[in-house]
Amino acid sequence: MIKVILCDDHGLIRRGIRDTLADADDIEVVGEAGDYTELRGLLHKLGKDNPCDVLVLDINMPGRSGLDVLHVLKDEGSALRTLIVSMYPEDQYAIRALKAGAYGYVNKGGDPATLVHAVRTVAQGRKYVTPEIAQMLVESLTAPVTEQAHQKLSDRELQTLVMIASGKRLSDIAEELMLSPKTVSVYRARVLEKLGLTNNSELTVYAIRNDLVAS
Amino acid sequence: MTISGVEQAGRVLRVLHVEDSDLDHQLILAQLTRAGVRVELHRLDALPAVLAALDRPWDAIISDYNLPGFTGLQVLEAVKDRQLLMPFLLVSGEIGEDAAVAAMRNGASDYLLKNNLNRLAPALLHAIDAADSERARRAADDELVRSKQRLHQLAGHLQTSVELERAAIAREIHDDVGGSLTALKFDLAWIDRHAREPEVRARVAAALETVSSAIDASQRIMHNLRPAILEQGLVAALQWMTARFERRTGIEAALRVGEERLALPSGVPLVAYRTAQEALTNVSKHSGAKRVDIELSLDSGVLTLEIHDNGKGIAAEDLAKERSFGIRGLHERAATVGGWVDLSSTPGQGTSLILTVPLAPDAIDALDDATDFDKDIGHSIWGRA
């Protein structure tokens, strides 16, 4: 028998989930909590060692959010397997939940049978991953999303550097790039900071040395 | 001869007369009185007394050139230093053309010779009228600037109120509507599992479809009001937005960020999110682009978000229109957090929308000090807001 604890701040939804799981012969709901404090009390009462097989946890509770609870449980070294549920569609929270240590993510507004399937999967110690989530995971592996661009100059910054080194004035650069002078100033300041220089002359020298402009 | 505004008002003029000769003082008083000007003419001839007198209200100053220990030009200088909008008539004996020209250049309203005072009365009235007009013009200008500022503040407040209201409504939908619909779906599913009759099950199946689409709708509405993903941070929200944009439109979209974790003041993430959202909407609707690049960076205390597409670009005339209408909302929104928006485009070379938000109140001042672009730009680049 798979033992499940529910934690969701919405009473009617708890009942809905409870009824759904109760209709599955192999699942038994052993406890319910409306927030993190109640959950703590419940876990304490049920005993530290294996109070349940699966914790069904809402991600969007007032006070401590589901993700925070996950982090706390993980930090404590808890062996609880958590299935995150939410009213938001998967693509927004699923990856984060999985990264935070959840065993799966289910949209409460979907087919209730999915919930049963997910609980069974997690109870076996496996992560519950839908094909859509799997697709997102794969995409996040190969996408060069967070390039460490800190030391490297962006295209705009490079453009600004070259124009300054060519002797153009702030107002001319602003006009040519169709930006306000303030914005050009921002890029200039960034270039100076990233390259460790202090004024336009040094910028020009740098540009010439690095063949960015003809000397 | 036109009747001056002063004459029409019939007011008594208070005029300071800087003159050491009491005789000349009486002559000028007589000249003015004969011309029908109602005037209180107060004579002073010591510089300290004159300077002290400048603190009191006068309609005009008539000054001699040669005075004991000082000149009329010094009085004029003092008037200018105090930035008084004061008609100043230099009335003197022979002082030479150069001195006269210098006086006029320095802001004297008029210069008259003592042996020819016929022009004195009309010159005085004219000078006072001109000063009155200038005063009115400046007041109107100030009022216009203040009015614009008020409008700007109001727009900012409206933006903030709208966002706050949206967040509140999204929360209510999540808690009340969304929750109840979800509970309803669970109950319908239970009925479906426990009912025998085919008609009942068929009806429940239909009801389940209805409630499912209601749940979808409420999720969509919640998202449009206040994207939940934003609570994960701006970077997460932009990552999600970029991926979804590419999935939905087929336009290649790439996000580049300097750091994963950004500590941003409240209000800034939502402004950046909404700006990106609108920019991407425009890209998909108008640009014909094959690729869009989004870059977020935080350096030197300034946040910039650039959305660049390789589409057909915006022609100069349309750019001006864009700048006034399409971008106005984005600019006002950016202004609520102290930032601004640039729209840069060349036909055939794509379009860039750049949001800039200084994060520290002195970040922009620091930039200003660092500007050594050109010695002939005498004023700050922030000279005009």
Side-chain angles (χ1 to χ4, degrees), chain A residues 9-17 19-20 23 60 65 67 86-89 91-93 96 107-113 136 139-140 143-150 154-156 164 169-171 173-174 177-190 192-194 198-200, chain B residues 174-175 178-187 189-190 193-194 212 215-216 219 222-223 227-229 231-232 235-236 239-240 242-244 254-260 295 297 299-300 302 304 306 319 340 342-346 354 356 358 364 366-368 370-374 377 381-382:
Chain A
D9 63 311
H10 202 292
L12 280 178
I13 291 185
R14 275 206 313 275
R15 192 193 72 188
I17 297 178
D19 287 347
T20 305
D23 274 354
N60 213 278
S65 83
L67 278 184
S86 161
M87 216 118 58
Y88 298 108
D91 58 351
Q92 294 196 29
Y93 275 102
R96 299 218 155 219
N107 181 358
K108 282 190 268 188
D111 185 355
M136 282 191 279
E139 275 169 10
S140 74
V145 161
T146 54
E147 261 182 59
Q148 281 306 312
H150 185 69
S154 72
D155 291 343
R156 279 269 170 232
I164 295 175
R169 299 183 313 169
L170 173 67
S171 45
I173 298 177
L177 296 179
M178 285 185 271
L179 303 173
S180 69
K182 293 187 279 192
T183 311
V184 178
S185 212
V186 167
Y187 286 117
R188 175 182 172 275
R190 286 208 178 135
L192 289 175
E193 188 177 306
K194 284 186 181 177
T198 48
N199 58 38
N200 285 0
Chain B
H174 176 274
D175 293 345
S180 302
L181 286 173
T182 307
L184 186 57
K185 183 162 179 176
F186 275 119
D187 280 344
W190 185 94
R193 287 193 298 274
H194 294 252
S212 292
I215 289 174
D216 283 345
Q219 280 177 347
M222 275 194 290
H223 175 73
I229 188 76
E231 268 143 60
Q232 310 276 316
V235 174
Q239 282 169 342
W240 173 82
T242 309
R244 190 170 89 144
L255 171 70
R256 198 170 157 216
V257 304
E259 285 160 47
E260 180 79 36
E295 177 154 359
S297 44
D299 288 300
S300 313
V302 180
T304 55
E306 175 168 357
L319 195 61
W340 63 90
D342 287 288
L343 185 62
S344 168
S345 180
T346 318
I354 304 177
T356 312
I364 289 298
L367 291 178
D368 195 18
T371 305
D372 61 355
F373 264 89
D374 207 299
I377 297 179
I381 56 173
W382 318 113

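Proteins come first, then strands; the chains are lettered A, B, ... in the order of their sequence lines, and each starts at number 1. Just so it is clear, the model here is predicted, and its values are computed rather than measured.
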Max heavy-atom pair count under 4.5 Å with chain A, selected residue of B:Thr242, B:Ile354, B:Ile215, B:Leu184: B:Ile354
A:Leu67 versus chain B, the contacting section by heavy-atom distance below 4.5 Å: side chain
Partner residues of B:His223 under the side-chain contact (heavy atoms from CB on, under 4.5 Å) criterion, sequence neighbours left out: A:Gln92, B:Pro227, B:Trp240, B:Arg244, B:Tyr273
Scored by heavy-atom pairs under 4.5 Å with chain B, the best of A:Ala174, A:Gly11, A:Pro112 is A:Pro112
Heavy atoms only, distances under 4.5 angstrom: which of B:Ser180, B:Ala243, B:Gly178, B:Ala254 has the most pairs with chain A? Name it, please. B:Gly178
Name the region of A:Leu177, side chain, backbone, both or neither, that has any atom closer than 4.5 Å to a heavy atom of chain B. backbone
Walk me through whether A:Asn60 and A:Met87 qualify under side chain to side chain contact (heavy atoms under 4.5 Å, CB included). CA-CA 8 Å; A:Asn60 213 278; A:Met87 216 118 58; over 6 Å; no
Determine whether A:Thr183 and A:Arg156 satisfy the following criterion, side chain to side chain contact (heavy atoms under 4.5 Å, CB included), listing intermediate values before the conclusion. CA-CA 11 Å; A:Thr183 311; A:Arg156 279 269 170 232; over 6 Å; no
Sequence neighbours excluded, which residues qualify as side-chain contact (heavy atoms from CB on, under 4.5 Å) partners of B:Thr346? A:Met178, B:Gln349
Give me the atom names and distance for the closest heavy-atom approach of B:Val235 to B:Leu255. O-CD2, 4.3 Å
Yes or no on side chain to side chain contact (heavy atoms under 4.5 Å, CB included) for B:Ile229 and B:Gln239, after CA distance, side-chain angles and deciding distance? CA-CA 10 Å; B:Ile229 188 76; B:Gln239 282 169 342; over 6 Å; no
Among the options B:Asp187, B:Asp175, B:Asp216, B:Thr304, pick out the one with the most heavy-atom pairs lying under 4.5 Å from chain A. B:Thr304
Part of A:Asp111 lying under 4.5 Å from any heavy atom of chain B: backbone
